[in-house]
Protein chains: 2
Amino acid sequence: MIDPVAFYKCLADETRLKSLIMIQLEGELCVCELMAALDETQPKISRHLALLRQDQVLLDRRQGQWIYYRLNPDLPEWVKTVLAKTAEANKTFVANNLKNLCRMGDRPERKNACC
Amino acid sequence: MIDPVAFYKCLADETRLKSLIMIQLEGELCVCELMAALDETQPKISRHLALLRQDQVLLDRRQGQWIYYRLNPDLPEWVKTVLAKTAEANKTFVANNLKNLCRMGDRPERKNACC
DNA sequence: TTTACATATTCGAAAAAACATATATACTAA
DNA sequence: TTAGTATATATGTTTTTTCGAATATGTAAA
């Protein structure tokens, strides 16, 4: 059960919507990757992700020093559809941000520093 | 072209989201019908509908003293999908409001007074 | 043209959301 | 243990949103 108004408040902010779209497209992202892609401060990203986690839209997982966020697979079907369609139809909205996205998983030589 | 953040701000308020869902389900509703269904004041309904009109989500049409609001048929496909899925999946969210909905079109004997 | 009804808009106050800054926690490697 | 990196949270402030109340506009009927 999810409150539709609360869900849409999650999407009604540029930082959160871009984070969600990029996570939808990439599968999983950590805070420092989002900081680099969105060019925003750490507390700002962290605060918005905390909100998405509290509303059960995202799940988090720690791996070493990093905390990765992903979509909650138990979301209702209609919510998954909304998120998928939104990401698919708004790739240009995050195009410049995706350019600045460096995936740490793609660079195992960097064991101890983010982007 | 529609700004996805602005679009989701439209959905991020109980009055607006319920209005949109009911309009999606009913096809077209006027202000006084929404007032009765949502049990809210006239300026409040009117103000929220004005916002939805400004953002091109709704179109309005005057018929006599009443102004009917309907979905803008020229919205992008992904937006229409989001609205349709949201309405379909959240009928219980507006169930009590639909109970209080009196469609003036169904009562042609009332030529000069709303619900 | 007066009266009633439907809707829109304005304006100031209240509530909510977002922010920057500072600080706390947690993990890693030396 | 210490230093460095990543993330979270607390706090006070600013911005945005929402609201109620009053008022204005437009239509219809008498």
Side-chain angles (χ1 to χ4, degrees), chain A residues 3 5-19 28-55 58-70 102-105 107-115, chain B residues 3 5-19 28-55 58-70 102-105 107-115:
Chain A
D3 171 20
V5 175
F7 169 62
Y8 281 123
K9 281 189 185 181
C10 288
L11 310 194
D13 172 271
E14 180 172 349
T15 301
R16 289 195 297 269
L17 185 59
K18 284 187 167 178
S19 297
E28 197 176 49
L29 291 173
C30 71
V31 179
C32 66
E33 290 167 339
L34 286 166
M35 285 174 59
L38 296 172
D39 191 27
E40 297 281 3
T41 65
Q42 181 271 320
K44 180 166 173 178
I45 300 290
S46 194
R47 195 168 3 93
H48 284 296
L49 291 175
L51 212 159
L52 296 172
R53 185 181 3 122
Q54 282 163 27
D55 285 355
L58 293 182
L59 298 183
D60 65 331
R61 143 184 103 83
R62 176 181 284 276
Q63 175 172 327
Q65 335 175 44
W66 300 286
I67 297 192
Y68 284 90
Y69 285 85
R70 65 185 184 284
C102 74
R103 301 293 274 108
M104 295 199 323
R107 296 149 65 240
E109 76 281 9
R110 280 180 81 75
K111 295 203 194 79
N112 195 27
C114 189
C115 314
Chain B
D3 170 20
V5 175
F7 170 61
Y8 282 123
K9 281 188 185 184
C10 288
L11 310 194
D13 171 90
E14 180 171 348
T15 300
R16 290 195 297 271
L17 185 58
K18 284 189 167 178
S19 297
E28 198 176 48
L29 290 174
C30 72
V31 179
C32 66
E33 290 167 339
L34 287 166
M35 284 173 61
L38 296 172
D39 191 26
E40 296 281 3
T41 64
Q42 181 271 322
K44 180 166 173 178
I45 299 289
S46 194
R47 196 161 5 92
H48 284 295
L49 291 175
L51 213 161
L52 296 173
R53 187 184 359 127
Q54 281 163 27
D55 285 354
L58 293 182
L59 298 183
D60 63 332
R61 143 184 103 84
R62 175 181 284 277
Q63 176 172 325
Q65 335 176 42
W66 300 286
I67 298 191
Y68 284 89
Y69 285 86
R70 65 185 184 283
C102 73
R103 301 294 272 107
M104 297 198 323
R107 296 149 65 240
E109 76 281 8
R110 280 180 80 77
K111 296 201 192 82
N112 195 27
C114 189
C115 315

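We name chains A, B, ... by the order of the sequence lines, and we start the count at 1 in each one.
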Interatomic distance, [X] [atom1] vs [N] [atom2] [rounded to whole Å]:
X        : N      : atom1 : atom2 : value
A/Leu29  : D/dA6  : CG    : C1'   : 15 Å
B/Leu58  : C/dA8  : CG    : P     : 11 Å
B/Asp60  : D/dT25 : CG    : C1'   : 15 Å
B/Leu11  : D/dT17 : CG    : C1'   : 16 Å
B/Gln54  : D/dT17 : CD    : P     : 12 Å
B/Met104 : C/dA6  : CE    : P     : 8 Å
B/Trp66  : D/dG26 : CH2   : C1'   : 13 Å
B/Glu33  : C/dC5  : CD    : P     : 18 Å

I want to check something: taking the side chain as every heavy atom from C-beta on, are [X] and [Y] in contact at a cut-off of under 4.5 Å?
X       : Y        : result
B/Trp66 : B/Cys114 : yes
A/Arg53 : A/Leu59  : no
B/Glu28 : B/Arg61  : yes

Rounded distance (nearest 0.5 Å) linking atom CZ of A/Phe7 with atom CG of B/Leu11: 9.5 Å
Phosphate-side-chain proximity, B/Tyr69 and C/dA6, N/O vs OP1/OP2 below 4.0 Å: no
Does a side-chain N or O of A/Tyr68 approach OP1 or OP2 of D/dA6 to a distance below 4.0 Å, or not? no
Heavy-atom closest pair (A/Arg16 atom, A/Lys9 atom, distance to 0.1 Å) is NH2-O, 2.9 Å
A/Glu14 meets the side chain to side chain contact (heavy atoms under 4.5 Å, CB included) criterion, sequence neighbours left out, with A/Lys18, A/Phe93, B/Val5
Can you give one letter per nucleotide of nucleotides 17-30 of chain C, 5' to 3': B if a protein heavy atom sits under 4.0 Å from the base, S if only from the sugar-phosphate, - if neither? SSBBBB---SSS--
Pairs under 3.5 angstrom only: tabulate donor-acceptor contacts from the side chains of residues 29-43 of chain B to other protein residues two or more places apart or in another chain.
{"residue": "B/Glu33", "atom": "OE1", "partner": "B/Cys30", "partner atom": "N", "Å": "2.9"}
{"residue": "B/Glu33", "atom": "OE1", "partner": "B/Arg103", "partner atom": "NH1", "Å": "3.1"}
{"residue": "B/Glu33", "atom": "OE2", "partner": "B/Arg103", "partner atom": "NH1", "Å": "2.9"}
{"residue": "B/Glu33", "atom": "OE2", "partner": "B/Met104", "partner atom": "N", "Å": "2.9"}
{"residue": "B/Glu40", "atom": "OE1", "partner": "B/Lys44", "partner atom": "NZ", "Å": "3.2"}
{"residue": "B/Glu40", "atom": "OE2", "partner": "B/Lys44", "partner atom": "NZ", "Å": "3.4"}
{"residue": "B/Thr41", "atom": "OG1", "partner": "B/Lys44", "partner atom": "N", "Å": "3.4"}

Per atom distances to the A/Cys114 side chain, the nearest of D/dT7, C/dA8, D/dA6 is D/dA6
